[in-house]
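Just so it is clear: chains get the letters A, B, ... in the order the sequence lines come, proteins before strands, and each one is counted from 1.
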Protein chains: 2
Amino acid sequence: MHPCDACKVRAIAACGPLSADERKRLTAIMKTVTFAPHRLIFMETAPAASLYNVTDGVVKIYKMMPDGRRQVTGFLFPGDFLGLIQNDSYAYSAEAVTETRLCQFPRVRLEMLLRELPKLEQRLLGMASHELAAAQDQMVLLGRKSARERVASFLLMLAKATERQGPQADLIAVPMTRSDIADYLGLTMETVSRSLTQLSSENLIRLLNEKHVHLIDRAGLHRISVGL
Amino acid sequence: MHPCDACKVRAIAACGPLSADERKRLTAIMKTVTFAPHRLIFMETAPAASLYNVTDGVVKIYKMMPDGRRQVTGFLFPGDFLGLIQNDSYAYSAEAVTETRLCQFPRVRLEMLLRELPKLEQRLLGMASHELAAAQDQMVLLGRKSARERVASFLLMLAKATERQGPQADLIAVPMTRSDIADYLGLTMETVSRSLTQLSSENLIRLLNEKHVHLIDRAGLHRISVGL
DNA sequence: CGGTCCTTTGACACAGGTCAAGTAATGTGG
DNA sequence: CCACATTACTTGACCTGTGTCAAAGGACCG
């Protein structure tokens, strides 16, 4: 088995249940690419040539304001798609957080295929709806939650993403920097750090090291995250 | 022509270019409903029976936190669809801002129809992508913009929505309350009011009355909205 | 072992929130 | 059509959570 084959299989799996023929045709148009940490995958406003599926690693997507203010609009984990476009250009930039492996679908070929495989189109619509719902939750977070509530929400989001891959685990990896987290939560690095220390001193979490957190009291974190 | 027919035609138009047969089949499953200002259209977590298209008026969609904090995630204008679901329940509440007319598509019947009309599914996917891009812009606003920048962005958004219906107009109607605007921008009513007064005193806008604003310097508003 | 980068912590500042009063618009019943 | 109540908006004074700036650990790396 060619080393790429395993990730192609995973990318196909992310597309939902498909027939053997559909799988074969999708496999035919896709390619595997890898990115080292901090490598740019594509940039906002660049012509959108491909859609990607994350097969390994973590990706962050973000938008920038002209003066350099940054908003991370999402972290993507294995199984997630990226490459949302707006008039033929990418709507955001994407950067590898960890060593990352992606499956690349050339846009024009994929669109041709979609015309013939309505099932796949349905699946994409389902995923878009799901992302839209997640985007609304993020708006609540950014518009109405306190720093503490945001950080608690973030940790639970990370835990859920981790558990989508493996079994339930209270020890979670935090591969992104404090700055990335801050730009995701609409805070500063310093406030993220202070909130983590605070949650730690309240025994809701334990900071094992900068990149690993032990969730001690999930119910408590959840209560905080929804504002109770 | 039955009074409802005009709005049905408009709702169909919002679905994009369709064949006569497709239009006929869509028309067959839809119904027209109207709501007075401040009437609830549907509530978050209620079983999602229908998808709606706004044909007249303005609708706001919002999510609430258990303690009553509210985030308005969008204002919808004629042509917009609402009824995003998450496991068979609505993902947000929807309320009429002005006297509103909606076209209602029963979800099960619509989904059956979608199976047969892939063109319509494509169109829905296109709209979902567009909304997703808008959601990301809103995240930048909520996470990174100052009060002044948020209010300027809001006014330009309203102007664009107004012009989607009629011709370019510097005099725009603001049908929603200051509280609604605040909950949309992640601010308080007071801060929205102060920011409007400030923009007014800088001669970027003129406040004709509480519900009408004259945009005097659009280029200036745009500069402020993107942070330059 | 020294340099770089990331994170934490502290002291202080300020944008925007809170609370309260006043004013304008809107509606209602006489 | 006018008192009056109600609701929405504006403005002011003050407060607080988070940002800013600065310094001091820690971790990693050649």
Side-chain angles (χ1 to χ4, degrees), chain A residues 36-38 60 65 67-71 97-99 141-155 173-202 205-213 224 227, chain B residues 36-38 60 65 67-72 95 97-99 141-155 173-202 205-213 224 227:
Chain A
H38 307 299
K60 68 166 187 257
M65 292 179 63
D67 63 358
R69 277 175 277 175
R70 202 171 56 131
Q71 178 66 37
V97 171
T98 63
E99 180 78 25
L141 181 147
L142 293 170
R144 290 293 175 228
K145 291 189 185 175
S146 72
R148 211 171 111 85
E149 290 166 350
R150 293 179 201 209
V151 171
S153 306
F154 170 73
L155 291 172
V174 185
M176 57 291 283
T177 66
R178 298 290 186 264
S179 264
D180 286 340
I181 300 172
D183 286 343
Y184 178 63
L185 299 177
L187 300 170
T188 58
M189 191 175 50
E190 292 90 335
T191 301
V192 170
S193 181
R194 281 190 249 269
S195 303
L196 284 170
T197 330
Q198 195 197 350
L199 290 175
S200 171
S201 72
E202 294 167 319
I205 60 173
R206 185 170 309 260
L207 297 165
L208 303 179
N209 61 50
E210 282 160 10
K211 300 286 184 214
H212 294 272
V213 178
I224 291 171
Chain B
H38 307 298
K60 68 166 187 256
M65 292 178 63
D67 62 358
R69 278 175 277 177
R70 201 171 57 130
Q71 179 66 36
V72 171
E95 191 183 302
V97 170
T98 62
E99 180 78 26
L141 181 148
L142 293 170
R144 288 296 175 226
K145 290 189 185 176
S146 71
R148 208 170 113 83
E149 291 165 351
R150 291 180 202 209
V151 172
S153 305
F154 170 73
L155 290 172
V174 184
M176 56 291 283
T177 67
R178 298 289 187 266
S179 263
D180 287 340
I181 300 172
D183 286 343
Y184 178 63
L185 298 177
L187 300 170
T188 59
M189 192 175 49
E190 292 90 334
T191 300
V192 170
S193 182
R194 281 189 249 270
S195 303
L196 284 170
T197 328
Q198 195 197 351
L199 291 174
S200 170
S201 71
E202 293 168 318
I205 60 172
R206 185 171 309 260
L207 298 166
L208 303 179
N209 61 50
E210 282 162 7
K211 299 286 185 216
H212 294 273
V213 178
I224 291 170

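With sequence neighbours excluded, no residue forms a side-chain hydrogen bond (donor to acceptor under 3.5 Å, both in side chains) with A:N209. In this structure, the side-chain hydrogen bond (donor to acceptor under 3.5 Å, both in side chains) partners of A:T191, at least two apart in sequence or on a different chain, are A:T188. The side chain to side chain contact (heavy atoms under 4.5 Å, CB included) search around B:M189 returns B:R178, B:S179, not counting sequence neighbours. By the salt bridge (charged side-chain N to carboxylate O under 4.0 Å, His left out) test, A:E202 is found to be paired with A:R148, residues two or more places apart in sequence or in another chain being considered. Taking A:R69 as the reference, A:D67, B:E149 meet the salt bridge (charged side-chain N to carboxylate O under 4.0 Å, His left out) condition, with sequence neighbours excluded. Residues that satisfy the salt bridge (charged side-chain N to carboxylate O under 4.0 Å, His left out) test with B:K145, not counting sequence neighbours, are absent from this structure.
Nucleotides of DNA chain C lying under 4.0 Å from heavy atoms of chain B occupy a range whose first and last members, 5' to 3', are C:dG16 to C:dC19.
Each end of the helix from C:dC1-D:dG30 to C:dG30-D:dC1 gets its own rotation axis from five pairs of C1' atoms, and the angle between them is 40° to the nearest 10 degrees.
The minimum heavy-atom distance linking B:L142 with B:Y184 is given by the pair CD2-O, 3.8 Å. A pairwise comparison of heavy atoms in A:P175 and A:T98 identifies CB-CG2, 3.5 Å as the closest pair. Scanning all heavy atoms of the two residues, the minimum distance from B:K211 to B:T177 falls at NZ-CA, 3.8 Å. A pairwise comparison of heavy atoms in B:L185 and B:L141 identifies CD2-CD2, 3.9 Å as the closest pair.
Going from atom CG of B:L196 over to atom P of D:dC9 covers 10 Å, rounded to whole Å. For the pair B:N209 CG and D:dT10 C1', the interatomic distance rounds to 14 Å; values are reported in whole Å.
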*What string of B, S and - do you get for nucleotides 25-30 of chain D, 5' to 3', when a contact is any protein heavy atom under 4.0 Å?*
------

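A:P37 has its side chain within reach of A:E99: a pair of non-hydrogen atoms, C-beta onward, lies under 4.5 Å apart.
Screening residues 181-195 of chain A for salt bridge (charged side-chain N to carboxylate O under 4.0 Å, His left out) gives A:R70-A:D183, A:D183-B:R144 as the qualifying pairs, with residues at least two apart or on separate chains.
B:T197 places a side-chain N or O within donor-acceptor distance of the main-chain N or O of B:S193, the cut-off being under 3.5 Å.
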Extract from the structure each pairing of a protein N or O with an N or O of nucleotides 16-20 of chain D at less than 3.5 Å, listing the distance.
unit_1 : atom_1 : unit_2 : atom_2 : d
D:dT18 : OP1    : A:A147 : N      : 3.0
D:dG19 : OP2    : A:T188 : N      : 3.3
D:dG19 : OP2    : A:T188 : OG1    : 3.1
D:dG19 : OP2    : A:T191 : OG1    : 2.4
D:dT20 : O4     : A:R194 : NH2    : 2.7

